[in-house]
Amino acid sequence: MKNLLLLTLMISPLPLCAQQATPQELTFATYNVSMEAENYFPRGTPGNSEKVLIKELASGQNQQIRNIATIIKTVRPDVILLNEFDYIEKPEEGVRQFVKAYLNNDSEGAKGIDYPYYYYSTVNTGQPTPYDLDRNGKTEQYGADAWGFGNYPGQYGMVLLSRFPIDTKAVRTFQHFKWKDMPGALKTTNADGSDWYAPEAWAHFPLSSKSHWDVPVKVGDKTIHILASHPTPPSFDGKEDRNGKRNHDEIRFWNDYITEGKGNYIYDDQGKKGGLPGNTSFVILGDQNASPDEGNAISDGIRQLLGNPGVNGGFTPASKGGAEHSPANAFAKNHTAFWRMRADYVLPSKKGFQVIDSGVFWPAKDEPMADLVEKRESSSDHRLVWVKLKQE
């Protein structure tokens, strides 16, 4: 697989008059769709790869994917990030096929929707290493010994869909930014204070378990930077908390990137240094795998991002279904995953936007379309999160 592949498509460019008209309201969304091979076949099944998803997309008939499409067509976001969509190199087998076979058509009472623009690239999950990163005495290349947990290259990838053009020449990716190059990185150590990772492994260790992307979307005469990522779950480790520390620093990356003076150390995969310029409109999207109130993440990371002066974190998307799912939990209405935590975020900048509305697609049991989220197999273990913004 190529080290870095940037793929976008402009199927039917908007006429000039449409490009000049800037919509006043825009909806942004993030959705962990669980569209990876091990969602369809048990973990460890021989031959699991992105070919499993290619087959399901080609059929156009997979019920889980149809339900996911129905949810997207119901919410109708202008820009949406899909987490856990396996990396598929050829767009006609992957993202284009998903749009064509599942989103374009009217179905289940939902009107079809088109996304003529998209972006995706390679990720670190399932990228093999020669190191024993989990220190179980074996160098297994994949799984916990990959640069990001994954049993094949590209597992748990990301795809961004947009109704508006993407400035592909200005996209920045940070897949290969080294964790060691973050000042004050939460370095993993053993109980005796010695380094958890071998020196040669730490020297090459990327911060991103998948990747971090800055994707500029052109809406009329304005540019909105979509900051997309999917930090590792802060679990599946030991007392050393290697995944918890990585999760914290993956989230911290955006906090530094959007804060003037803090992101000078950052370099992208093309070697360009620095963070996001000031006075820039952005929306942070993704499954952050962390909550400011619950779970086992190092919560300072997500708390600092929510409290960043440039971020509008003063609202929290909610649902009736989440509240019903965990009636004794004070935070339940804001949960974005059936395993009872707020994990997924749409965080707009204060610059350029006014929040109009927000929500989590999680109908209560007596509401229409509740069957789409009845169980994990119905769609995903996560819920689509959306925010409607007015451009200023």
Side-chain angles (χ1 to χ4, degrees), residues 3-8 28 30 32 79-85 87 119-127 146-150 154-160 166-168 170-186 204-217 224-234 243 245-259 262-277 280 282-290 297 301-302 304-305 308 310-311 343-349:
N3 196 34
L4 183 65
L5 182 62
L6 310 179
L7 292 173
T8 53
F28 296 87
T30 190
N32 182 325
V79 179
I80 182 171
L81 175 69
L82 307 179
N83 288 131
E84 297 196 9
F85 187 113
Y87 174 83
Y119 177 83
Y120 68 101
S121 185
T122 54
V123 291
N124 286 323
T125 35
Q127 292 292 349
W147 284 131
F149 183 90
Q155 189 175 14
Y156 312 116
M158 307 190 296
V159 169
L160 185 73
I166 292 172
D167 185 357
T168 54
V171 169
R172 299 182 73 190
T173 65
F174 304 89
Q175 180 183 355
H176 305 296
F177 174 84
K178 300 296 186 293
W179 193 358
K180 68 178 179 64
D181 293 333
M182 171 179 275
L186 298 184
H204 296 94
F205 208 117
L207 171 66
S208 297
S209 55
K210 285 83 178 175
S211 191
H212 285 68
W213 300 339
D214 176 350
V215 183
V217 173
I224 301 167
H225 288 255
I226 304 301
L227 307 182
S229 62
H230 182 190
T232 185
N243 291 330
K245 292 175 180 178
R246 191 180 192 183
N247 172 274
H248 174 279
D249 283 356
E250 287 194 73
I251 295 171
R252 180 196 151 188
F253 179 91
W254 286 138
N255 196 50
D256 291 350
Y257 189 72
I258 63 175
T259 304
K262 280 192 173 183
N264 295 335
Y265 69 89
I266 293 172
Y267 53 86
D268 62 30
D269 292 328
Q270 300 302 315
K272 180 181 177 181
K273 295 197 68 173
L276 196 65
T280 301
F282 61 82
V283 181
I284 299 171
L285 300 178
D287 174 2
Q288 304 298 327
N289 270 313
I302 192 65
Q304 289 177 15
L305 187 60
N308 187 293
V311 171
D344 308 86
Y345 295 82
V346 178
L347 299 175
S349 59

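Predicted, not measured: the structure shown is a model, and the values here were computed from it. Position 1 is the first residue of the sequence, and the numbers go up from there.
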Checking side-chain contact (heavy atoms from CB on, under 4.5 Å) for the pair I226/L81: CA distance, chi angles, key distance, verdict? CA-CA 9 Å; I226 304 301; L81 175 69; 5.8 Å; no

Would the distance check show the side chain of K178 and the main-chain N or O of H176 forming a donor-acceptor pair, the cut-off being under 3.5 Å? yes

Is any side-chain heavy atom of I224 less than 4.5 Å from a side-chain heavy atom of F28? yes

Going by the rule ring pair (Phe, Tyr, Trp, His ring centres under 6.0 Å), which residues pair with Y345 if we only count those two or more places apart in sequence or in a different chain? none

Looking only at atom types and distance, does a side-chain atom of S209 sit under 3.5 Å from a main-chain N or O of G148, one as donor and one as acceptor? no

Ring centre gap for Y257 and F174 strictly below 6.0 Å: yes

What is the distance from atom CG of D256 to atom CE of M182, rounded to the nearest 0.5 Å? 5.5 Å

Check the pair F253, I266 against side-chain contact (heavy atoms from CB on, under 4.5 Å), reporting the backbone distance first and the verdict last. CA-CA 9 Å; F253 179 91; I266 293 172; 3.7 Å; yes

Testing L227, N83, L160, I80 for side-chain contact (heavy atoms from CB on, under 4.5 Å) with L285, which one passes? L160

Side chain of N247, backbone of T232: donor and acceptor closer than 3.5 Å? yes

Set out, in order, the CA-CA distance, both residues' side-chain angles and the distance that settles side-chain contact (heavy atoms from CB on, under 4.5 Å) for Y265 and F177, then state yes or no. CA-CA 10 Å; Y265 69 89; F177 174 84; 3.6 Å; yes

Output for pair (K210 NZ, Q127 CD), nearest 0.5 Å, gives 13.0 Å

Is it the case that the side chain of R246 and the backbone of L207 share a donor-acceptor pair, with hydrogens and angles ignored and the cut-off at 3.5 Å? yes

Under the 3.5 angstrom rule, does the side chain of Q288 hit a backbone N or O of I251 as a donor-acceptor pair? no

Could you tell me whether a side-chain N or O of S229 sits under 3.5 Å from a main-chain N or O of H212, the two making a donor and an acceptor? no

Checking side chain to side chain donor-acceptor pair (under 3.5 Å) between H230 and each of T125, T30, D287, which is the one that passes? D287

Y119 side chain near V217 side chain, heavy-atom distance below 4.5 Å: no

Begin from the C-alpha positions of W213 and S121 and carry the test side chain to side chain donor-acceptor pair (under 3.5 Å) through to its verdict. CA-CA 9 Å; W213 300 339; S121 185; 5.0 Å; no

Positive for side chain to side chain donor-acceptor pair (under 3.5 Å) with Q175, one of T122, D268, D269: T122

Atom CG in N255, atom CD1 in I302: separation rounded to 0.5 Å? 9.5 Å

Are any of the side-chain heavy atoms of Y267 and D181 separated by less than 4.5 Å? yes

side-chain contact (heavy atoms from CB on, under 4.5 Å) assessment of V283 paired with V79: CA-CA 10 Å; V283 181; V79 179; over 6 Å; no

Using modelled atom types only, decide if a donor and an acceptor are shared between the side chain of N32 and the backbone of D344 within a distance under 3.5 Å. no

